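This is a predicted model, so every value here is computed, not measured. All ligand and atom numbering here is 1-based and tracks the order in the structure. Along the sequence shown, the residues carry numbers beginning at 1.
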Amino acid sequence: MRLAQSTYVEVADYLKRSRGIIVPTGSTEQHCPIGVMGTDHIDAETIAWRMGGIADAMVGPTITVGISEHHMTFPGSITLKPTTYIALLSDYILSLVSHGFERFYILNGHGGNTATLNAAFAEIYNHLRCARGTGAPDVRCKAMKWFENDVCEAKALELTGHTARGHASAAEVSVAQFADPANIRKAKLDPEYGPLDHTFYNSEDFRRRFPDGRIESNPEHASPDIGRALVETAAAFHAEQYQAFLAD
Ligand code: NI
């Protein structure tokens, strides 16, 4: 079920049987010369929709922009300030809390969001405790990167020969290609790409270390078929994680 395509009557019915919701998050930022800007949020959304089907769970509207400060020398990249992201996520989640949602599974497509997601959760818990004291609902938020687990990593290695943890990995580019053929680009990339070392400082420094935007990746051989297989693997894995989160 997608919240954006549900009526309020349907949402009220859903709340009679579940307090959980999946929230896809990502970014709009460069993904090397052949990966589209929306890769991270398109991937999270595609997997979340499939996952929602498996787990019979509501999926909230996708948060399409995130923390992308280090990609800002590449045209088209958009970043939020951390304070904006915290405010956005807090307002989103607290709105749903007021309707009775209590379990928020954030399916994240962008590693750069992680620290700020956790800061937002602290902000939300603080707000609920201060505003409502001991009468606050037992709201719980969990953020999971879709690709950062042994199951998805093994599948990515099997299908692409590379880790899914790099930036503009064949895995993440494949999922976006599966989501929409309009996301497919083909070009030869420099085979000399940097190590899987996410050390960098500001956006200029990032550009110096990773001139074409990739970090330990070569998405030249990305394909919609690989993407389909990864979506199935990731959706099944996260549907299980989601059920365990609700039952905890
Ligand atoms: Ni990405």
Side-chain angles (χ1 to χ4, degrees), residues 23-51 62-80 82 85 106-117 143-149 152-153 155-157 159-180 182-185 187 189 193-200 203 206-207 209-224 226-231 233-235 237-238:
V23 179
T25 64
S27 67
T28 297
E29 67 184 31
Q30 70 84 15
H31 271 78
C32 94
I34 64 170
V36 295
M37 290 282 161
T39 298
D40 288 350
H41 77 256
I42 291 165
D43 287 10
E45 179 176 87
T46 304
I47 294 162
W49 286 349
R50 180 78 186 104
M51 177 189 163
T62 304
I63 301 177
T64 58
V65 288
I67 307 297
S68 302
E69 179 60 37
H70 47 294
H71 295 293
M72 290 308 290
T73 67
F74 296 88
S77 299
I78 296 172
T79 193
L80 299 179
Y85 193 57
I106 317 297
L107 190 70
N108 181 24
H110 175 51
N113 291 341
T114 301
T116 315
L117 281 169
M144 294 281 282
K145 273 175 270 182
W146 74 260
F147 50 87
E148 213 168 87
N149 55 76
C152 293
E153 180 69 353
K155 199 68 178 171
L157 285 170
L159 296 174
T160 74
H162 277 282
T163 178
R165 293 167 200 242
H167 180 67
S169 67
E172 66 173 344
V173 171
S174 292
V175 172
Q177 291 186 351
F178 166 66
D180 189 337
N183 297 333
I184 298 173
R185 302 288 188 284
L189 297 172
Y193 47 87
L196 182 55
D197 178 356
H198 286 240
T199 302
F200 55 81
S203 59
F206 181 96
R207 189 78 190 246
R209 292 172 194 249
F210 310 106
D212 78 356
R214 291 176 289 158
I215 303 178
E216 212 278 329
S217 68
N218 191 342
E220 266 179 24
H221 304 297
S223 76
I226 292 173
R228 178 186 295 111
L230 283 166
V231 167
T233 299
F237 173 80
H238 286 285

- Test T163 against E153 for side chain to side chain donor-acceptor pair (under 3.5 Å), laying out the working first. CA-CA 6 Å; T163 178; E153 180 69 353; 2.6 Å; yes
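- Panel note: side chain R185, backbone A182; a donor-acceptor pair is recorded below 3.5 Å.
- With hydrogens and angles ignored, the 3.5 Å screen pairs a side-chain donor or acceptor of Q30 with a backbone N or O of G213.
- Screening T25, N113, I106 for a side chain to side chain contact (heavy atoms under 4.5 Å, CB included) involving I63 leaves a single residue, T25.
- Note on E172: its N/O/S atom closest to the Ni ion (ligand 1) is OE1.
- At least one N, O or S atom of H31, from either the backbone or the side chain, sits less than 2.8 Å from the Ni ion (ligand 1).
- Checking E29 against the Ni ion (ligand 1), every N/O/S atom stays at or beyond the 2.8 Å cut-off.
- Nearest N, O or S atom of D40 to the Ni ion (ligand 1): atom OD1.
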